[in-house]
Amino acid sequence: MQNSSIYALTPAGHQELHGNATTLAPDEIELLVRIDGLLTLAQIEAGMPAVSHAAFTSACQRLLTRGMLAPAETDPFAAQFQIQLNRMALSQAENEADAGAASLKKAGYYVSIARQRGPARTLAPGEVLSAIVVDDEPMLAKFIQTYLSFEGFNVRLAGNRAEVVAEFRKQPVPDLILLDVVLPDADGFDILLRLRQHPALKNVPVIMLTGKATREAVIKGLAGGADGYITKPFEADALMEAVRTVIGLPKPRTGSSDPWVNKDAKP
């Protein structure tokens, strides 16, 4: 077993994690939550500092033996993700080597990456998508709400822990969650992990929309189950491209009044 290898959950692993996790050791549960077929074992181990290397290796071996993990096939998203991480590592190394690049080092690296969470979707006539925007910057949250509303979404806002809990309890279950990381009384990464463990919300596409542009933050977000990661400031078109991707909606056809009409469909 090489630490540069990439593994993914098997059906048995999904069933065990979501149906009978009480039979798993704590390190096995944490590993299964983080495994997503995109990160290498070395990257996942780096995000689990409380687990020793020996314990991590043992947990991996046990899960492989029990058929809960299997080597993952590479996909375009994984390749795109690795390219972004390599560029971030190079940018960070250059910044650290240049004593005069403090402002660039502080700014980090711009990231815009997204993957489709489930099967492609086709909306019925008149169907309205719903979204929850979690961000404590009122002006930015309102801008996102306005833009998504223009694109056909019914948007709800949350800016702190109490509002997040209240909105997540409301019906309908959202089709999309845009999640900031830094909130006044909550951490977006913790919210993400709780979402992925929630029976009603675990399959909702989540895009991290945050100013945290470090390599570690991106790895943490995607390892925690995010389907997209976009750093601020961002272009509205880049955001909507990510939204379409994670939900599985077709790109709009040029000149169409319907934002979700398949661009390749014949008139």
Looking only at heavy atoms, the pair that brings Tyr229 and Lys212 closest together is OH-O, 2.6 Å
In Ile35, Leu41, Thr10, the residue satisfying side chain to side chain contact (heavy atoms under 4.5 Å, CB included) with Leu69 is Ile35
Do the side chain of Arg34 and the main chain of Ile44 share a donor and acceptor less than 3.5 angstrom apart?
no
**Prompt:** Do Ile191 and Phe168 pass the side-chain contact (heavy atoms from CB on, under 4.5 Å) test, and can you show the C-alpha distance, the side-chain angles, and the key distance before you say yes or no?
**Reply:** CA-CA 11 Å; Ile191 294 174; Phe168 285 176; 3.9 Å; yes
Q. Can Leu140 and Phe234 be said to form a side-chain contact (heavy atoms from CB on, under 4.5 Å), step by step?
A. CA-CA 11 Å; Leu140 178 60; Phe234 59 89; 4.0 Å; yes
Here the pair of heavy atoms bringing Gly159 nearest to Pro184 is O-CD, 3.5 Å
The residue among Val155, Ile132, Leu148 that forms side chain to side chain contact (heavy atoms under 4.5 Å, CB included) with Leu178 is Leu148
TODO: Would you mind reporting whether Thr122 and Pro250 have side-chain heavy atoms less than 4.5 Å apart?
DONE: no
- Task: Determine whether Val204 and Val165 fall in the same hydrophobic cluster, where Ile, Leu, Val, Met, Phe, Trp and Tyr are linked whenever their side-chain heavy atoms lie under 4.5 Å apart.
- Result: no
Hits for salt bridge (charged side-chain N to carboxylate O under 4.0 Å, His left out) against Lys232, two or more places apart or cross-chain, chain-then-number order -> Asp135, Glu137, Asp180
key: Check: Thr65 side chain, Gln61 main-chain N or O, donor-acceptor pair, under 3.5 Å   = yes
Discussion item. Apply side-chain contact (heavy atoms from CB on, under 4.5 Å) to residues Asn160 and Asp136 and explain how you reach the verdict.
Written reply: CA-CA 7 Å; Asn160 55 48; Asp136 66 333; over 6 Å; no
Rounded to the nearest 0.5 Å, the CZ atom of Phe153 sits from the CE atom of Met240 at a distance of 5.5 Å
Output for pair (Cys60 SG, Glu28 CD), nearest 0.5 Å, gives 10.0 Å
query: Are the side chain of Asp227 and the backbone of Arg115 linked by a donor-acceptor contact shorter than 3.5 Å?
result: no
State, yes or no, whether a side-chain contact exists between Ser58 and Arg62 at a heavy-atom distance under 4.5 Å.
yes
dist Asp187:CG -> Arg194:CZ (nearest 0.5 Å) comes out at 10.5 Å
dist Leu129:CG -> Leu123:CG (nearest 0.5 Å) comes out at 5.0 Å
Heavy-atom nearest pair, Phe189 first then Ala217, reads CZ-O, 3.6 Å
Test side chain to side chain contact (heavy atoms under 4.5 Å, CB included), reference Ile177, set Val164, Leu192, Leu195, output is Leu195
| message | Would the distance check show the side chain of Arg117 and the main-chain N or O of Gly248 forming a donor-acceptor pair, the cut-off being under 3.5 Å? | response | no
Could you tell me whether Arg156 atom CZ has more than 12 heavy atoms of other residues or ligands within 6.0 Å of it? yes
Leu32 and Met68 have their tightest heavy-atom pair at CD1-SD, 4.3 Å
Rounding to 0.5 Å, atoms CG (Asn203) and CZ (Arg196) come to a distance of 7.0 Å
Heavy atoms of Ala114 and Val246 approach each other most closely as CB-CG1, 3.9 Å
Rounded to the nearest 0.5 angstrom, the CG-CD1 distance for Asp175 and Ile247 is 6.0 Å
Is there a side-chain contact between Leu183 and Val134, using heavy atoms and a 4.5 Å cut-off? yes
### Query
With a 4.5 Å limit on heavy-atom distance, are the side chains of Tyr7 and Pro71 in contact?
yes
Is the shortest heavy-atom distance from the side chain of Val243 to the side chain of Glu151 under 4.5 Å? no
message: Are Phe56 and Leu31 packed together at the side-chain level, in the sense that at least one heavy-atom pair is separated by less than 4.5 angstrom?
response: yes
Discussion item. If you define the side chain from C-beta out and look only at heavy atoms, does anything of Val133 sit under 4.5 Å from Gln145?
Written reply: no
